[in-house]
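Please read the structure below before turning to the comments.
Starting from 1, each residue takes its place in the sequence as its number.
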Amino acid sequence: MGVERSGPDQRLRDVARAIRGVIELLEVYWTRVPDGFSPVTVSAPQLRVMYVIERREGINLRQLGSELEAAPSSVSRLCDRLEAIGFVRRSSSTASRREVELRLTAQGRVHLDRLRARREERLAAALARASPTSRARLAEAVETIRVALIAGVRAGPAEPPGAGAQQSPHAGTEQPQHARTEQPPGDGTERPPDTGTERRTG
């Protein structure tokens, strides 16, 4: 018999469900970039690799695998592909010859810049249908989500909302801070699942 939820917990889940639906629509929307945007096809997993390397320039394969929660062999193959098309460069670490550092090339950075510009253009075209008041409220809501997601990523995995209903024998005792932090909505892996492939310009 399912557990019936109501009140604040249900409202929280309703918001999470709505955000998850928007994320899924965006995943489809991104694939509608016109042909000719790029002669190079970059898969969603490869894009995630590029995002991490851009944020953590000089990261090594082990750290990258940990960040993506992926096997080293899988991460290495993704980097092989990105290096082959000229988007990622490997170099020996100055701290240890056993380590290989990863950086985006100038071509890789241009690729991401063009991708983001095209995505923003498509979103702006869609949002133009909304009223200025609705767009202002949306901007505030998006910033709230962004801050919550950043806090959730820094805090690490947390107990899902409502899980406290099944109390342990130690209920009532002080819980660690990370156990009281809410999991970011719609974040099954930290990152929303990507589907399909993205087309880029070179």
Side-chain angles (χ1 to χ4, degrees), residues 2-34 37 42-56 64-70 74 78 111-166 175-200:
V3 177
E4 197 172 313
R5 290 185 169 86
S6 60
D9 182 66
Q10 183 58 48
R11 289 195 292 272
L12 177 62
R13 291 178 179 275
D14 288 343
V15 172
R17 185 176 299 109
I19 294 173
R20 185 260 301 157
V22 170
I23 290 171
E24 291 175 355
L25 285 172
L26 284 173
E27 289 170 357
V28 175
Y29 204 58
W30 294 150
T31 66
R32 295 182 179 179
V33 175
F37 174 62
V42 180
S43 69
Q46 290 164 356
L47 266 181
R48 287 199 295 271
V49 167
M50 292 181 70
Y51 292 147
V52 174
I53 295 176
E54 179 190 42
R55 190 175 72 250
R56 298 186 56 187
L64 180 59
S66 177
E67 182 93 5
L68 296 172
E69 297 183 352
S74 298
L78 290 170
H111 185 80
L112 288 184
D113 288 344
R114 289 177 175 173
L115 170 66
R116 286 165 173 154
R118 184 59 58 91
R119 285 181 168 183
E120 289 174 10
E121 288 173 5
R122 294 190 62 79
L123 277 177
L127 293 173
R129 301 183 178 95
S131 68
T133 301
S134 294
R135 291 198 294 268
R137 289 199 299 265
L138 176 61
E140 293 179 4
V142 168
E143 178 61 14
T144 297
I145 295 169
R146 188 187 71 83
V147 171
L149 288 174
I150 291 174
V153 169
R154 288 175 178 171
E159 186 177 278
Q166 299 179 350
Q175 297 295 314
Q177 182 63 36
H178 72 272
R180 298 196 301 270
T181 306
E182 293 176 354
Q183 181 76 10
D187 189 15
T189 61
E190 92 145 197
R191 318 160 180 81
D194 291 286
T195 57
T197 58
E198 305 280 356
R199 292 192 172 273
R200 312 289 183 272

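Contact between Arg119 and Leu47 at its shortest, heavy atoms only, is NH2-CD1, 4.1 Å.
The closest side-chain heavy-atom distance from Leu115 to Val42 is not below 4.5 Å.
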Check the pair Glu140 / Arg137 against salt bridge (charged side-chain N to carboxylate O under 4.0 Å, His left out), numbers first and verdict last. CA-CA 5 Å; Glu140 293 179 4; Arg137 289 199 299 265; over 6 Å; no
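Distance CG/Leu25 to CZ/Arg20: 10.0 Å, rounded to 0.5 Å. Taking CD1 of Ile19 as the start and CG of Asp14 as the end, the distance is 11.0 Å to the nearest 0.5 Å. Note that the CD atom of Glu67 and the CZ atom of Arg55 stand 4.5 Å from one another [nearest 0.5 Å]. For the atom pair CG of Leu68 and CG of Leu78, the computed distance is 8.0 Å after rounding to the nearest 0.5 Å. Rounding to the nearest 0.5 angstrom, the gap separating the CG atom in Leu12 from the CZ atom in Arg17 is 10.5 Å. Annotation: the span from Arg116 atom CZ to Tyr51 atom OH amounts to 6.0 Å, rounded to 0.5 Å.
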